[in-house]
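Report on one structure; see the data block that follows.
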Amino acid sequence: MKPKVVTRFAPSPTGFLHIGGARTALFNWLYARHHGGEMRLRIEDTDRARSTKEAIDAILDGLTWLGIEGDGEALYQSERAARHREVAEALLAKGAAYRCYTSAEELAAMRETAAAEGRPPRYDGRWRDRDPSEAPAGVDPVIRLKAPLEGETVIPDLVQGEVRFANKDLDDLVILRSDGSPTYMLAVVVDDHDMGVTTIIRGDDHLTNAARQSLIYKALDWPVPEMAHIPLIHGPDGAKLSKRHGALGVETYRAMGYLPEALRNYLVRLGWSHGDDEFFSTEAMIELFDLGSVGRSPARFDFAKLENMNGHYMREADPAALLDALGPVIDAEEDAPALKAALDAGGRERLAIAMPSLAERAKTLKELLDNARFLWAARPLAMEEKAQKLLDGEAPAHLAALNARFAALPDWTAEAIEAAVRAYAEEAGLKLGKVAQPLRAALTGSTTSPGIFDVLLALGRDEAMARIADQAA
RNA sequence: GCGCCCUUCGUCUAUCGGUUAGGACGCCAGAUUUUCAAUCUGGAAAGACGGGUUCGACUCCCGUAGGGCGUGCCA
């Protein structure tokens with residue numbers, strides 16, 4: 001029987017959780033869930049200078065928002081330095097590693113000559129077999145792995161297939177720095193092993209590292225975990241995803257009004273497919289996800305498709321949940337304070353009533369919010385040019401007549417409102433549009449809005465009639 | 001420079017030697033409609049290039065071009 005699957009997501013907290021990291025986390029999570037296993041979290045904060053508390057929180061918050069939960073406590077790599085050092089010493093003791101006293105200047109010179117001679121810049125192994133007694137005084141050595149000189153290292157990758165590296169191309173990497181701290185290469189191997197990780201799923205920018213790490217595993221006589229290197233996500237222009245090209249923190253997507261389920265669905269389809277299917281519930285994703293269906297070519301991030309999916313999920317969402325999700329979007333608005341004041345002054349009630357109708361026609365919560373602003377706009381409404389035109393001719397008279405009918409309605413319900421407007425149109429011998437458009441203009445100052453009856457209802461009788469009166473003859 | 005990876009409509013992808021190369025987003029046209037959105041119908045749109053292998057290649061092999069990643073006492 002195969003051991004329980006354990007995957008891990010190991011971000012380095014030097015920035016925020018960007019879209020590529022989010023997808024890596026998602027794949028790890030799906031794979032673990034699919035196999036009834038666990039996904040552990042590890043914060044790779046070895047680089048103290050560049051790791052910040054804010055970044056760690058942003059990553060954790062981002063994962064939570066996306067609905068991706070790690071199992072068990074998150075491991076902080078920085079707390080494991082002693083263990084890393086211990087493993088490096090053990091390697092040294094068994095002769096699989098050695099102390100190297102080469103200075104930074106020597107290393108630089110080495111690379112320079114290599115470049116000049118057109119050779120790959122690699123450490124030349126000058127301390128590999130040197131006697132420790134030759135060590136220069138006062139120099140703190142690093143510990144390097146005594147990597148094999150010949151043969152090849154094969155990574156049986158679950159996504160990439162068998163990837164081969166000639167060992168001669170892999171030099172003796174540093175595993176412990178001169179200050180006694182572990183390098184990433186060592187720390188990753190030790191932590192993955194100690195955490196019981198069975199399957200490593202990460203970006204294919206780590207593919208070369210996989211070979212080096214594989215060498216460390218072998219030197220330690222530890223089993224090499226299964227690996228899957230997934231292709232990176234590129235920006236819309238095909239260039240590497242950078243801060244200028246869509247590599248925004250997930251919290252930015254939240255502020256832009258995307259729903260986590262939509263982002264997740266979009267992300268899972270970037271690189272992974274299941275026939276012609278596009279939409280997957282969380283359960284379906286977990287059930288169907290497998291690494292064999294992950295492609296090997298990089299994908300471009302496409303906001304248009306994300307928006308489409310987001311619209312889909314917004315239409316399906318619970319209106320009350322949408323109202324809650326609006327928070328971060330409102331905070332990101334330039335006029336956030338005024339907006340909140342308007343919402344508190346009755347806007348929220350109107351918004352709640354109009355929500356189903358609003359959600360139907362917006363692709364993001366940001367768009368929804370923009371479309372909702374007429375709800376709490378101050379009278380007299382500013383008229384768009386095209387809206388103003390709808391108020392010409394007979395329109396003011398019709399508005400006045402409608403207001404009279406509205407005033408007489410016993411109840412201000414969707415049914416009553418619709419019946420009244422339709423009856424008026426019919427009696428006046430007008431197509432509904434002839435009545436609805438002027439109404440829309442008077443009520444929203446615009447030519448586009450949610451369904452007119454929904455607008456009437458959301459505004460409430462008093463406000464609606466007041467706005468109509470402003471434009472009536 | 002060297003190593004590794006990649007290459008089907010504009011984008012995400014299906015295809016796992018034999019298909020009119022399918023779907024989705026976007027785009028265009030039409031239908032519907034109280035506007036917008038949604039929805040429905042239809043349309044334009046792809047195998048980077050050159051060689052092989054094969055009865056037959058998008059699919060396998062080689063090369064070229066293009067792209068990506070790596071090449072640190074960063075992670």
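Please read all numbers here as calculations on a predicted model, not as lab measurements. Worth knowing before you read on, the calculation uses all heavy atoms, side chains too, and leaves out hydrogens, waters and symmetry mates. All chains are named by letter (A, B, ...) in the order of the sequence lines, taking the proteins before the strands, and each is independently numbered beginning at 1.
Base pairing analysis places B:C40 opposite B:G30; the two distances defining the Watson-Crick or G-U wobble pair are each below 3.5 Å. With a cut-off of 3.5 Å on both pairing distances, B:A45 has no Watson-Crick or G-U wobble partner at all. The nucleotide B:U59 finds no pairing partner, because no Watson-Crick or G-U wobble arrangement with both distances shorter than 3.5 Å includes it. Across all strands shown, the partner of B:G1 is B:U71, judged by Watson-Crick or G-U wobble contacts whose two distances both fall under 3.5 Å. The partner of B:U35 cannot be assigned: no Watson-Crick or G-U wobble pair with both contacts below 3.5 Å exists in any strand. With a cut-off of 3.5 Å on both pairing distances, the Watson-Crick or G-U wobble partner of B:G66 is B:C6. When Watson-Crick and G-U wobble pairs are counted only if both distances are under 3.5 Å, B:U15 pairs with no nucleotide at all. With a cut-off of 3.5 Å on both pairing distances, B:A21 has no Watson-Crick or G-U wobble partner at all.
If you measure from atom CZ of A:Arg202 to atom P of B:C5, you get 16 Å, rounded to the nearest angstrom. Atom C1' of nucleotide B:C2 and atom CZ of A:Arg164 are separated by 20 Å, given to the nearest angstrom. Between the CZ atom of A:Arg144 and the P atom of B:C73 there is a distance of 6 Å, given to the nearest Å. One interatomic measurement links the two molecules: CG of A:Asp124 to C1' of B:G72, which rounds to 16 Å at whole-angstrom precision. In this structure, CD of A:Glu316 is placed 11 Å from P of B:U39, rounded to the nearest angstrom. Rounded to an integer number of Å, the gap from A:Ile230 CD1 to B:C69 P is 15 Å. Rounded to an integer number of Å, the gap from CG of A:Leu170 to C1' of B:G3 is 9 Å. Across the protein-nucleic acid pair, A:Phe165 atom CZ and B:U71 atom C1' stand 11 Å apart, rounded to whole Å.
Under 4.0 Å is where a charged nitrogen must lie from a carboxylate oxygen, and between A:Arg164 and A:Glu152 at least one such pair does. For the pair A:Arg361 and A:Glu367, the salt-bridge criterion is not met [side-chain N within less than 4.0 Å of a carboxylate O]. For A:Asp169 and A:Arg122, the salt-bridge test passes: some basic side-chain N is under 4.0 Å from an acidic carboxylate O.
Counting any heavy atom pair closer than 4.0 Å across all strands shown, A:Glu278 reaches a base atom. Among the heavy atoms of the strands, none lies under 4.0 Å from A:Ser103. Contact annotation for A:Arg111: backbone-only contact, meaning every heavy-atom pair under 4.0 Å involves sugar-phosphate atoms and none involves a base. In this structure, A:Gln160 reaches the sugar-phosphate backbone alone: every heavy-atom distance under 4.0 Å involves primed, P, OP1 or OP2 atoms, never a base. Across all strands shown, A:Val174 has heavy atoms under 4.0 Å from sugar-phosphate atoms exclusively, and none from any base. A:Asn209 comes within 4.0 angstrom of a base, heavy atoms only. Among the atoms of the strands shown, only primed sugar atoms or phosphate atoms (P, OP1, OP2) are found under 4.0 Å from some heavy atom of A:Ser273. When heavy atoms are screened at a 4.0 angstrom cut-off, A:His274 is found touching no nucleic acid atom at all. Here A:Pro298 lies in heavy-atom contact (under 4.0 Å) with sugar-phosphate atoms only. Within the nucleic acid shown, A:Arg296 comes within 4.0 Å of sugar-phosphate atoms alone, with no base atom in reach, counting heavy atoms only.
Across B:G67 and B:U11, the matching P atoms stand 15 Å from one another, rounded to whole Å. Separating the P atom of B:G3 from that of B:G63 is a span of 12 Å, rounded to the nearest Å.
A:Tyr123 carries A:Arg144 over the face of its six-membered ring, with the cationic atom under 6.0 Å from the centre and within 45° of the normal.
Taking every side-chain heavy atom of A:Leu107 into account, B:C73 is the closest of B:G70, B:A75, B:C73. The nucleotide whose nearest atom lies closest to any side-chain atom of A:Asp276 is, among B:C5, B:C6, B:G22, B:G22. For A:Leu207, whose side chain is taken as the heavy atoms from C-beta onward, the closest listed nucleotide among B:C5, B:C73, B:C12 is B:C5.
For the OP1/OP2 pair of B:A38 and a distance below 4.0 Å, the side-chain nitrogens and oxygens of A:Arg315 include no atom meeting the criterion.
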Could you list the protein-to-nucleotides 63-66 of chain B atom pairs, N/O on both sides, closer than 3.5 Å?
none

Between the protein and nucleotides 25-35 of chain B, list the N/O to N/O atom pairs that are separated by less than 3.5 angstrom.
residue: B:C25; atom: O3'; partner: A:Asn308; partner atom: ND2; Å: 3.3
residue: B:C25; atom: O2'; partner: A:Ala304; partner atom: O; Å: 3.4
residue: B:C25; atom: O2'; partner: A:Lys305; partner atom: N; Å: 3.3
residue: B:U34; atom: O2'; partner: A:Arg440; partner atom: NH2; Å: 3.3
residue: B:U34; atom: O2; partner: A:Arg440; partner atom: NH2; Å: 2.5
residue: B:U35; atom: O4'; partner: A:Gln437; partner atom: OE1; Å: 3.1
residue: B:U35; atom: O4'; partner: A:Gln437; partner atom: NE2; Å: 3.4
residue: B:U35; atom: O2'; partner: A:Thr447; partner atom: O; Å: 2.8
residue: B:U35; atom: N1; partner: A:Arg440; partner atom: NH2; Å: 3.3
residue: B:U35; atom: O2; partner: A:Ser449; partner atom: N; Å: 2.8
residue: B:U35; atom: O2; partner: A:Ser449; partner atom: O; Å: 3.0
residue: B:U35; atom: N3; partner: A:Arg440; partner atom: NH1; Å: 3.2
residue: B:U35; atom: N3; partner: A:Ser449; partner atom: O; Å: 2.6
residue: B:U35; atom: O4; partner: A:Arg361; partner atom: NH1; Å: 3.4
residue: B:U35; atom: O4; partner: A:Gly451; partner atom: N; Å: 3.4

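Counting atom types as modelled, A:Asp205 pairs no side-chain N or O with a base atom of B:G70 as donor and acceptor under 3.5 Å. A donor-acceptor contact under 3.5 Å is not formed by the side chain of A:Thr183 with the base of B:C73.
Listed by chain and residue number, nothing satisfies the ring-ring contact (aromatic ring centres under 6.0 Å, His included) test with A:Phe16 (two or more places apart in sequence, or in another chain). Evaluation of the side-chain hydrogen bond (donor to acceptor under 3.5 Å, both in side chains) rule for A:Lys218 yields A:Ser214 as partners, not counting sequence neighbours. For A:His274, the ring-ring contact (aromatic ring centres under 6.0 Å, His included) criterion is met by no residue, not counting sequence neighbours. When the side-chain hydrogen bond (donor to acceptor under 3.5 Å, both in side chains) test is applied to A:Glu463, the partners found at least two apart in sequence or on another chain are A:Arg467. Residues that satisfy the side-chain hydrogen bond (donor to acceptor under 3.5 Å, both in side chains) test with A:Glu287, not counting sequence neighbours, are absent from this structure. Partners of A:Ser293 according to the side-chain hydrogen bond (donor to acceptor under 3.5 Å, both in side chains) rule, which considers only residues two or more places apart in sequence or in another chain, are A:Asp290.
Atom CD of A:Glu316 has more than 12 heavy atoms from other residues, nucleotides or ligands within 6.0 Å.
Each salt bridge (charged side-chain N to carboxylate O under 4.0 Å, His left out) pair with one or both residues in residues 270-279 of chain A, not counting sequence neighbours, appears once here: A:Arg269-A:Glu278, A:Glu278-A:Lys305.
Nearest-nucleotide assignment on RNA chain B puts the 5′-proximal partner with A:Gly295, out of A:Ala104 and A:Gly295. Comparing A:Ala166 and A:Met309, the nucleotide of RNA chain B nearest to each residue sits closer to the 5' end for A:Ala166.
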